[in-house]
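In what follows, a single structure is set out as structure tokens and then discussed.
Proteins come first, then strands; the chains are lettered A, B, ... in the order of their sequence lines, and each starts at number 1. The analysis underlying the following values was restricted to heavy atoms, covering all of them including side chains, and did not include hydrogens, waters or symmetry mates.
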Amino acid sequence: MSPPPLDKAAVARILREISLLLQLKGENAFKVRAYDTGADRLLGMTQELGALVREGRLTELPGIGQGLADKIAELVTTGKLGLYEELKAAFPPGLLEMLQLPELGPKKVMALWNELKVGSVADLEKACREGRVRALKGFGARSEAKILEGIALHQRVHGKRKRLGDVLPTVEGLLERLKAAPGVVRVSPAGSVRRRAETVGDVDLLASAPEAGPVLDVLATAPGVAVVLGKGESKCSVRMTEGDLQVDLRVLPDEDFATALHHFTGSKAHHVRLRGLGQDKGYKISEWGVHRADGTKLLIREEADLYKLLGMQDIPPELREDSGEIEAALEGRLPEDLLTLEDVRGAVHSHSTWSDGRNSLEEMARAAQALGFQYLTVTEHSQAAVYAGGLKEEELERQWEEIDRVNEAVPGFRLLKGIEVDILETGALDYRDSVLERLEVVIGSVHIRHGMDEEQMTRRLLSAMDNPCLNIIGHPTGRLIHEREPYPFRMEEVLDRAAERGVVMEVNGSPARLDLKAEHVRQAVQRGVKLVVSVDAHKISDLHHVAFAVATARKGWARKGEVLNTLPADPFIAKLKALRAR
DNA sequence: GCCGTTTTCGGCCCGACTGTTTTCAGTCG
């Protein structure tokens with residue numbers, strides 16, 4: 001059987017892996033970067049990859065020359081690449097995983113491999129514990145301890161739970177196929193995916209159909225399935241190639257769908273409470289449905305009917321964590337106007353080729369419009385973010401000319417002039433106030449000097465919020481799920497100040513960030529702090545991140561009225577200004 | 001490996017921090 005055709009994302013992933021392998025090999029850093037920028041370019045391209053390959057027009061993309069074009073074409077047409085296979089064969093696969101650890105780059109990884117024959121994270125942990133690493137040149141006792149810390153973080157989260165945003169595209173692809181399977185009536189994800197938890201373990205899917213067999217077959221033979229782990233009369237388990245993800249599918253008669261969906265959506269804690277409530281009313285609630293004391297079964301068509309039976313408001317999946325939603329639903333004070341994706345009018349927080357984004361302003365504008373947004377806030381990095389191509393003050397004016405031009409070229413849509421200005425170590429902003437005052441949206445973010453202590457970082461943020469030019473704090477905790485802990489600061493104090501001064505908090509939808517996270521959103525909402533749900537887009541495909549920001553906001557009980565980018569452009573800008581003028 | 005061009009090769013983004021050094025290499029953002 002021929003290998004499945006590779007899409008943009010798959011080719012980009014291979015180019016990135018080649019870049020890592022070349023680094024291990026000690027190749028020229030600029031050559032290495034060429035592979036990375038090539039991957040960037042593929043992910044940012046608006047054209048169809050297959051068409052460009054067929055027409056031999058790959059080199060028209062900036063950053064892709066003849067060399068890369070040939071390799072990409074080989075990958076797309078044959079699914080293989082000689083160079084890639086050679087490189088993979090030259091190093092133990094565990095070295096790539098070691099590279100993901102903080103503090104470890106190619107040089108150190110190769111030293112560990114060459115000197116100690118440490119070729120995996122497990123080997124490395126052992127070597128550190130035995131004190132063998134400190135003997136190496138360039139390493140010491142401190143680095144040994146830091147590596148162990150890094151491994152602990154890595155293992156706590158890696159290999160077990162995966163980021164929602166990394167998993168959801170795979171899940172949605174499978175759902176599409178299952179919807180079209182023979183006899184299928186209803187299909188849904190369940191479990192943590194449906195609750196939109198920030199990370200998920202295994203994926204649970206549910207379908208209803210008169211006959212399970214043909215539906216189970218559709219999953220077992222779906223593209224991307226690496227191995228069928230088990231298949232019975234009503235269940236099928238598979239492992240996907242992508243991300244080593246396990247997917248379980250259950251198929252049952254449609255009359256059982258709602259109660260089963262409810263059961264497998266969880267959370268466990270939410271269920272335990274509901275079962276108790278059911279018992280009080282004389283019902284037994286289980287995986288198999290709702291039964292009266294005499295054993296007769298109630299017909300539950302929809303989940304909402306179940307909540308109604310228990311005398312409470314319908315509880316959306318995102319809120320089912322037993323964190324107060326049951327009491328609220330019983331008392332009828334669950335928010336009816338919880339934020340939805342449809343409420344969002346504008347995309348907030350984006351980068352273009354003016355700083356470290358991959359698409360031009362016009363491409364970003366057209367893509368955002370196609371997704372139904374009315375506006376997009378253009379917020380490039382500021383000058384302190386040198387590594388991200390941050391804009392100097394004087395470059396802004398030239399960018400505004402292009403924004404004006406795009407705004408004329410794309411009718412019915414508006415790019416808003418903004419900046420993601422660095423919050424410097426002192427809490428000062430990276431541009432003069434006279435420049436910031438001329439912008440429509442100012443997001444302030446911490447990008448450098450994460451290593452400050454709680455006291456210093458709290459002061460830094462509070463001090464930044466004292467500047468009336470600042471509208472929004474971007475990714476307020478700086479965490480990267482699976483990669484970096486949040487920097488330490490006193491969240492309550494910062495939220496109190498935000499409420500007092502009219503500073504808005506970002507709910508960043510980038511799958512690695514989700515920052516603020518749901519529990520912080522809830523704290524913010526309780527204090528009356530306003531929010532934006534953002535995309536933090538560096539390329540057009542990132543505009544979809546708004547869905548993750550919305551999910552996070554919902555999990556934090558945010559209502560439509562508390563999220564400013566549910567407003568049209570002019571009221572949005574006016575509200576930002578008005579909040580700071582209080 | 002890409003790009004621009006001086007069409008054949010040199011420049012490509014860099015500053016700060018950390019832990020290791022004793023003057024700096026490696027990593028990170």
- Item | Nearest-angstrom distance, P atom, dC17(B) to dT22(B) | 23 Å
Give each protein N/O atom lying under 3.5 Å from an N/O atom of nucleotides 9-17 of chain B, with the pair distance.
| from | atom 1 | to | atom 2 | distance (Å) |
| --- | --- | --- | --- | --- |
| dC13(B) | OP1 | Arg33(A) | NH1 | 3.2 |

- Message: Expressed as a whole number of angstroms, how long is the span from Arg134(A):CZ to dT21(B):P?
- Response: 13 Å
- Which of the following nucleotides, dC2(B), dG26(B), dT20(B), is nearest to the side chain of Ala34(A)? dC2(B)
- Task: Take the protein atom CD1 of Ile64(A) and the nucleotide atom P of dC3(B), then report the distance between them rounded to whole Å.
- Result: 9 Å
- Message: Let's see if you get this right: which residues in residues 143-151 of chain A place a heavy atom under 4.0 Å from DNA chain B?
- Response: Ser143(A), Lys146(A)
- Result for side-chain contact (heavy atoms from CB on, under 4.5 Å) between Thr458(A) and one of Met452(A), Met491(A), Arg490(A), Glu492(A) points to Arg490(A)
- Item | C1' atoms of dC14(B) and dT7(B), separation to the nearest Å | 31 Å
- Asp542(A) with Lys539(A): basic N within carboxylate O range, under 4.0 Å: yes
Which pairs would a plain distance check flag for residues 63-71 of chain A, meaning a side-chain donor or acceptor within less than 3.5 Å of a matching protein atom at least two apart in sequence or in another chain?
| from | atom 1 | to | atom 2 | distance (Å) |
| --- | --- | --- | --- | --- |
| Gln66(A) | NE2 | Asp70(A) | OD1 | 3.1 |

- If you measure from the C1' atom in dG26(B) to the same atom in dT21(B), how many Å do you get, rounded? 13 Å
- Message: Whether Lys25(A) and Glu86(A) form a salt bridge (side-chain N of Lys/Arg under 4.0 Å from carboxylate O of Asp/Glu) is what I want to check.
- Response: no
- Message: Can you check the distance between dG10(B) and dT18(B), where both ends of the measurement are the C1' atom (answer in whole Å)?
- Response: 33 Å
- Assign each of Leu104(A) and Thr59(A) the nucleotide of DNA chain B bearing its closest heavy atom; nearer the 5' end lies the nucleotide of Thr59(A)
- To the nearest angstrom, the CD-C1' distance between Gln66(A) and dT7(B) comes to 17 Å
- Can you check the Lys107(A) NZ to dT20(B) C1' distance for me, whole Å? 16 Å
- Pairwise 5' ranking along DNA chain B for Pro62(A) and Glu103(A), keeping only the more 5' one: Pro62(A)
- Message: Measuring to OP1 and OP2 of dT21(B), would you say a side-chain N or O of Lys137(A) lies under 4.0 angstrom away?
- Response: no
- Task: Using a strict cut-off of less than 4.0 Å between a Lys/Arg side-chain nitrogen and an Asp/Glu carboxylate oxygen, indicate whether Arg438(A) and Glu397(A) qualify as a salt bridge.
- Result: yes
- Message: Quick test of your reading of the model: are Arg129(A) and Glu125(A) salt-bridged, counting only N-O distances below 4.0 Å?
- Response: yes
- Looking at Arg163(A) and Glu483(A), does any basic side-chain N land under 4.0 Å from a carboxylate oxygen? yes
- Item | d(CD, Glu483(A); P, dC28(B)) in whole Å | 11 Å
- Query: Quick one: Leu20(A) CG to dT27(B) C1', roughly how many Å, whole number?
  - Reply: 14 Å
- Message: I need the CG-C1' distance between Leu101(A) and dT27(B), as an integer number of Å.
- Response: 13 Å
- Got a salt bridge between Lys108(A) and Glu103(A), using NZ or NE/NH1/NH2 to carboxylate O under 4.0 Å? no
- Message: Would you measure the distance from the C1' atom in dC13(B) across to the matching atom in dT8(B) and give it in whole Å?
- Response: 24 Å
- Item | Side chain of Lys108(A) (C-beta onward), nearest among dG19(B), dT27(B), dG1(B) | dT27(B)
- Query: If you measure from the P atom in dT20(B) to the same atom in dA25(B), how many Å do you get, rounded?
  - Reply: 16 Å
- Item | Residues Asp430(A) and Lys392(A) bridged, charged N to O under 4.0 Å | no
- Query: Checking all strands, does Arg41(A) fall into the base, sugar-phosphate, or nothing category for heavy-atom contacts under 4.0 angstrom?
  - Reply: nothing
- Message: Salt bridge or not between Glu198(A) and Arg479(A)? Use side-chain N to carboxylate O under 4.0 Å.
- Response: yes
- Message: Would you say Arg484(A) places a side-chain N or O within less than 4.0 Å of OP1 or OP2 belonging to dC28(B)?
- Response: no
- Message: Please report the distance, rounded to the nearest Å, between CZ in Arg142(A) and C1' in dT21(B).
- Response: 14 Å
- Item | Electrostatic pair Glu455(A):Arg459(A) at N-O distance under 4.0 angstrom | yes
- Note on the structure: Taking a pair to mean Watson-Crick or G-U wobble geometry with both distances below 3.5 Å, dC14(B) pairs with dG29(B)
- Message: Under 4.0 Å, heavy atoms only, any strand: does Ala111(A) hit a base, just the sugar-phosphate, or nothing?
- Response: nothing
